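In this text, all values refer to a predicted model and were calculated from it rather than measured experimentally. Note that the numbering runs from 1 along the sequence shown for the chain.
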Amino acid sequence: MPEHERKEERQRLRPAPLLFEPSEAIADPEHFFDLESMDDPRALLSRSTELALAFRAAADRAVEFQAIAAAQLADPRRFDRLTPAEVAERAQWTEDYAKKMIEFGRDLLRGGETP
C-alpha cells in the first residue's frame, strides 16, 4: 500500500477518542465504555462501531511501534543489538514473526515516517 494511502487509512480509522474508564467502572465486568447503559440501538451501534474502529486503529499503530522498536533493537550498528531470537523472546513472538517485524520496522524507518 502506498504511503499516502496508509496515512489516509490511519486518519479514517480514528473516529473516536479512546477514553480511560473510571476505576469504579473497571470493577464491574459488565461495564464497557458505558455501552451497556445505552437504550437506543441506533446510538449503541454508532458508538460501538466508533469504539471498534478506534481500537483497531490503536492496535495497528501499536504494531507499527512494536516493529520500529524491534528494528531499532536489531540494528546491526548498535553495539548491544539483539538477534531476532532475542527480540522474539522479549516480545513473546516466534523467531519468524520477529524477523518479519524487524523488516517491517526497517521499512517504516526507511520511509522516514514514524507512527
| When rounded to the nearest 0.5 angstrom, what distance separates CZ in F32 from OG in S48? | 9.5 Å
| Side-chain touch V63/M101, heavy atoms, less than 4.5 angstrom | yes
| Quick one: does L73's side chain get under 4.5 Å of R81's, heavy atoms only? | no
| field | Partner set under salt bridge (Lys or Arg N to Asp or Glu O under 4.0 Å) for R77, not counting sequence neighbours | value | D75
With [X], which residues qualify under side-chain hydrogen bond (donor to acceptor under 3.5 Å, both in side chains), at least two apart?
{"X": "E86", "value": "T83"}
{"X": "R78", "value": "D80"}
{"X": "Q66", "value": "none"}
{"X": "D39", "value": "none"}

Anything under 3.5 Å between a donor and an acceptor, one on a side chain of residues 88-96, the other on a protein residue two or more places apart or in another chain? List them.
unit_1	atom_1	unit_2	atom_2	d
T94	OG1	Y97	N	3.1

| task | Check whether L44 and F55 end up in the same hydrophobic cluster, where Ile, Leu, Val, Met, Phe, Trp and Tyr are linked by side-chain heavy atoms less than 4.5 Å apart. | result | yes
| E103/K100 under salt bridge (Lys or Arg N to Asp or Glu O under 4.0 Å): CA gap, chis, key distance, verdict | CA-CA 5 Å; E103 188 55 40; K100 290 177 184 177; over 6 Å; no
| said: Once side-chain contact (heavy atoms from CB on, under 4.5 Å) is applied, do any residues pair with P41, and if so which ones, sequence neighbours excluded? | reply: none
| field | Results of side-chain contact (heavy atoms from CB on, under 4.5 Å) for A43 - residues two or more places apart only | value | M38, D40
| said: Which heavy atom of I102 sits nearest to which heavy atom of A71, and what is that distance? | reply: O-CB, 3.5 Å
